[in-house]
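None of the values given here were measured: they were computed from a predicted structure. We use all heavy atoms of the structure for the numbers below, so side chains are in, but hydrogens, waters and symmetry mates are not.
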Amino acid sequence: MGNLHVQPPSLPQHDQEIQSRNLKLEKARENYELEQNTFGLSDIVQREINIVNVPPILRKLPKEERWSTLTFMKYKARYIFFFFYGLVFNFLHCGGWTIRKMINHFTSSCVLKEPKGCEVWRTESVDGPNQTRKQKAQMDHWFAWQRLNGVTRNLIKLATEIPQQFTPFVKTIENDHPYLGGKSLKTHIQDKTLFIVDLTEVSFNEPSLLAPIALFTIYTNVLMPVAICFDNSPNNNEVYTPPPRDSDSVDKLQKWVKSRMWFNMLDAQYHEAISHLGDTHLMMGGVSVCVHRNLSERHPIYKLMHPHFHNMHFINELAILDLIEPGGVIDNIMYLGQRNMVKLLAKHNEKWSFEEHASIEDNFRKRGVMDIPGYFFRDDALQIYEVIRNYVHEYVTHYYDVDKEVLQDQEIQALRAELVAPRSMNGMGGCGMLGLPEFDGIANVVTVLTNFIYTCSVEHSASNFPQYEQYAFPPNMPLLLNGQPDVETGLPNLDASMPTGPEFFSTIQIMVTLITITSNNLGNYESVYWNAMDDVGRQIVRKFQQNLKTVSYNINQRNSSIVNSEHKIHEYPYEYLLPKNVRNSISV
C-alpha cells in the first residue's frame with residue numbers, strides 16, 4: 001500500500017511541496033487507468049448490447065493492489081476445497097439430486113452450515129404432503145421477506161395504480177384471496193398498502209424471456225404476496241396467487257410454489273448482474289480508479305476513502321476471469337448466461353444516476369416504502385448511513401474550513417470531472433456518472449463521499465454476504481431452473497425443475513467462497529490506513545466506531561424482540577447490517 005504513514009494530509013493549495021506531489025500523482029495516473037472491459041465478447045455483440053454503458057474498471061492491476069499471499073491462499077483454498085467436495089458428493093449421488101436429498105445433505109453435513117433458505121423450506125414443510133395452513137402462510141411471508149431483506153432489497157415500491165399485466169385478472173386475484181382482507185386492489189392502493197416488485201427489466205422486452213412482476217400487501221402487520229405474473233404483455237393468460245385459506249388443491253398449491261421459485265430465480269439474475277456486480281463492484285471500481293488518478297496520497301479525502309477500496313481491484317479481476325468471461329461460472333449455473341447478464345448490466349447502467357440510485361435516503365422515500373413493517377434492511381441501512389454521514393462531515397469540515405476551499409482544490413475538482421466524463425471505448429473517457437452534484441462546497445462533497453462509502457460497505461455487504469444463505473439451497477433462491485413456471489409437474493415433482501448435481505455443487509462452491517472475509521469490519525481500519533491519518537483524523541474515526549456501537553445495540557435489541565409464534569406469522573431476524581458483519585470495502 002506504499003508509505004502512506006509518512007505523508008501527512010494536506011490540501012493541494014496548502015502543500016509546500018506541490019512539485020513532488022504532482023510528480024507522484026502523474027505516476028499514479030500511469031498505474032491507474034480506466035478501461036471499458038469487453039468481457040471476451042465479440043465486436044458484434046459489444047455493439048449489439050452497447051457495452052460502453054457498462055461501468056469502466058481498472059485496466060491493469062498495480063502490484064500494490066494484489067492481495068497478500070495469506071489472503072489469496074485462504075480464498076483459493078476454499079474455492080479448491082469445495083470444488084473437490086462437489087465432485088465427491090455428486091459422484092456418490094450419481095442418481096440425481098432431489099429436493100429431499102439436498103435437504104438431507106445440508107442437515108447431515110459436517111462441513112456445510114444449513115443455509116437459511118433450506119431451514120425455512122424444511123421447517124415449513126413446503127413440499128410435504130401435510131403442510132399446514134400456518135406453514136403455507138409462513139412460507140408466503142418468507143417470500144415477501146426476501147423482497148425486503150434478501151439479496152435484492154431496493155426494488156419494492158408503493159403501487160399507485162394496478163399494473164397493466166394484472167388488469168385482466170383483478171377479479172380472479174381478489175376472489176377469496178387469503179391476504180387482501182376482503183378489500184379490492186383499488187382500496188389497497190388508496191390505503192397505500194399495495195406494493196409492487198417489477199423485474200421486467202430482465203426480459204429486455206423480448207417475448208422469449210420471462211418478465212416477472214409481483215404484488216404484495218400488508219396483512220396482520222407483515223408483508224405478504226398477492227399475485228405474480230411472468231409475461232411482458234398486457235395480453236398474458238395466467239396469473240399466480242396464493243391458494244385460498246381453505247383450499248386443499250394440490251394443483252393450485254404447486255403452481256403457486258413454482259411461481260415463487262421462478263420469481264426468485266429471475267430476481268437472482270437481477271441481483272447478480274445489477275445489485276451486486278454492477279452497482280457495487282464495477283461502479284465503485286471506477287470510483288477508486290478516479291480517486292487514485294486525481295487525489296494525491298497526501299490529500300485528506302484520499303486517506304478517508306482509501307480503506308474503503310481495500311482488496312477491491314483484485315477481487316474484481318478474479319471475478320471477471322473466473323465468473324464473467326465466456327464459459328465461466330455465469331455461463332454454467334445462471335439462467336441468463338454471460339452474454340445476457342452483461343446486456344442487462346449495460347441496459348440498466350445506461351440510465352443510472354446518482355440521484356436515483358446512489359442516494360439511499362431519497363431512494364427509500366421515492367419508492368414510498370418508509371412505512372412497510374419488517375423492512376429491517378431499510379431501518380438498519382438508514383441508521384448506518386446517518387453515522388457514516390456524520391463521520392464524513394466531521395472529517396471533511398476538519399480539512400475544509402469554508403466552501404471556497406473546495407472550489408480552490410484542483411484535485412477534488414479533477415476527481416469529479418473524471419467521474420462525470422462520458423465513458424469511452426478508447427481509454428480516454430471517465431465513469432459517465434449522471435446526476436453527480438457539483439463540488440461547489442462542503443455539503444455536496446460530504447453527500448457524494450458518504451454515498452460512496454455506504455456503497456462500498458453497507459450496500460455491498462448486504463448484497464454479498466447473504467448469498468450462501470439464500471442461494472446454496474436451490475428451491476429457495478435458484479440461479480437456474482429447468483422448464484417453465486406454467487408446466488404442471490405437481491408438488492412431488494418439483495424436482496424436475498431443479499438444477500443438476502454439478503450445478504448444485506458449483507453454486508455451493510461459489511457462494512461459500514464469496515463469503516470469505518478478506519477485510520476488516522466497518523470503521524475498524526487496517527493499520528496501513530490508520531497510520532496514514534493524522535491524530536485528528538484518528539480521533540474522528542474513534543468517534544465513528546463508538547457511534548457504530550450504538551447501531552449494533554439497536555439492531556440487537558430489535559432482533560431479540562422478534563418472537564416466533566406457533567399461531568401467528570412471525571418475522572425473521574436480520575443481522576447482515578450489524579456493524580461487525582459489514583466490511584469496510586468490496587473485498588470479496
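Once rounded to the nearest 0.5 Å, the distance linking CG of Leu209 with CG of Leu336 reads 6.5 Å. Distance check, rounded to the nearest 0.5 Å: CG of Asp331 to CD of Gln338 gives 5.5 Å. How far CG of Asp380 is from OH of Tyr574: 7.0 Å, rounded to the nearest 0.5 Å. The CE atom of Met283 lies 4.5 Å from the CH2 atom of Trp352; values are rounded to the nearest 0.5 Å. Atom CG in Asn547 sits 9.0 Å away from atom CD in Glu394 (nearest 0.5 Å). Taken to the nearest 0.5 Å, the NE2 atom of His348 stands 11.5 Å off from the CG atom of Asn53.
Around atom NZ of Lys580, no more than 12 heavy atoms belonging to other residues, nucleotides or ligands sit under 6.0 Å away. The number of heavy-atom neighbours closer than 6.0 Å to NE2 of His393, taken from other residues, nucleotides and ligands shown, is 12 or below. Atom CE of Met73 sits in a sparse spot, with 12 or fewer heavy atoms from other residues, nucleotides or ligands closer than 6.0 Å. Counted within 6.0 Å of CZ on Arg339, heavy atoms from surrounding residues, nucleotides or ligands total 12 or fewer; the atom is thus considered open. Atom NZ of Lys113 is surrounded by more than 12 heavy atoms from other residues, nucleotides or ligands within 6.0 Å. Around atom CD of Gln410, no more than 12 heavy atoms belonging to other residues, nucleotides or ligands sit under 6.0 Å away. With a 6.0 Å radius and a threshold of 12 heavy atoms from other residues, nucleotides or ligands, Gln13 has its CD atom above the threshold.
Side chain of Gln269 to backbone of Leu479: a donor-acceptor contact under 3.5 angstrom is found. The main-chain N or O of Glu503 is found under 3.5 Å from a side-chain atom of Thr507 such that the two form a donor-acceptor pair. Side-chain N or O atoms of Arg59 include none that pairs as donor or acceptor with a backbone N or O of Glu35 at under 3.5 Å. Asn363 contributes a side-chain N or O that, together with a main-chain N or O of Glu356, makes up a donor-acceptor pair within less than 3.5 Å. Put simply, the side chain of Gln509 gets close to the backbone of Tyr79: a donor and an acceptor are under 3.5 Å apart.
Two rings, from Phe465 and Tyr576, have their centers 6.0 Å or more apart. When ring centroids are compared, Tyr75 and Phe72 stay outside the 6.0 Å threshold. Within the 6.0 Å centre-distance limit, the rings of Tyr399 and Tyr395 are counted as a close aromatic pair.
We find that Asp267 and Arg147 are joined by a salt bridge, their nearest charged nitrogen and carboxylate oxygen being less than 4.0 Å apart. The existence of a salt bridge linking Lys347 and Glu350 is excluded, since no basic side-chain nitrogen approaches an acidic carboxylate oxygen closer than 4.0 Å.
For the residue pair Arg583 and Ile517, the shortest heavy atom distance occurs at NH1-CG2, 3.4 Å. Among all heavy-atom pairs drawn from Asn264 and Asn476, the shortest one is ND2-O, 2.8 Å. Lys76 approaches Asp322 most closely through the heavy-atom pair NZ-OD2, 3.9 Å. In plain terms, the two heavy atoms of Val588 and His281 that are nearest each other are O-CE1, 3.4 Å. Smallest separation of non-hydrogen atoms from Arg416 and Leu436: NH2-O, 2.8 Å. In this structure, Val512 and Arg78 approach most closely via the heavy-atom pair O-NH2, 2.9 Å.
No donor-acceptor contact under 3.5 angstrom links the side chains of Arg365 and Ser359, judged on distance only. Under the 3.5 Å distance criterion, with hydrogens and angles disregarded, no donor-acceptor pair is assigned to the side chains of His306 and Glu297. Judged purely by distance below 3.5 Å, without hydrogens or angles, the side chains of Ser519 and Asn311 never pair a donor atom with an acceptor atom.
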Item to check | side chain to side chain donor-acceptor pair (under 3.5 Å) assessment of Ser203 paired with Thr200 | outcome: CA-CA 6 Å; Ser203 75; Thr200 56; 5.8 Å; no
Checklist entry - Can you check salt bridge (charged side-chain N to carboxylate O under 4.0 Å, His left out) on Arg29 and Glu418, steps first, answer last? => result CA-CA 12 Å; Arg29 292 193 183 106; Glu418 195 161 56; over 6 Å; no
Item to check | Audit row: Glu65, Lys60, salt bridge (charged side-chain N to carboxylate O under 4.0 Å, His left out) steps and yes/no | outcome: CA-CA 10 Å; Glu65 294 291 345; Lys60 184 179 179 181; over 6 Å; no
Checklist entry - Do Asn154 and Glu459 pass the side chain to side chain donor-acceptor pair (under 3.5 Å) test, and can you show the C-alpha distance, the side-chain angles, and the key distance before you say yes or no? => result CA-CA 10 Å; Asn154 293 325; Glu459 195 63 38; 2.9 Å; yes
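Ring planes of His271 and Tyr471: tilted class, angle from 30 to 60°. Using cut-offs of 30° and 60° for the angle between ring planes, the Tyr525 and Phe544 rings count as tilted. Ring geometry for His299 versus Tyr400: interplanar angle of 30 to 60°, hence tilted.
Under a cutoff of 6.0 Å and an axis angle of 45°, Arg153 and Phe377 form a cation-pi pair.
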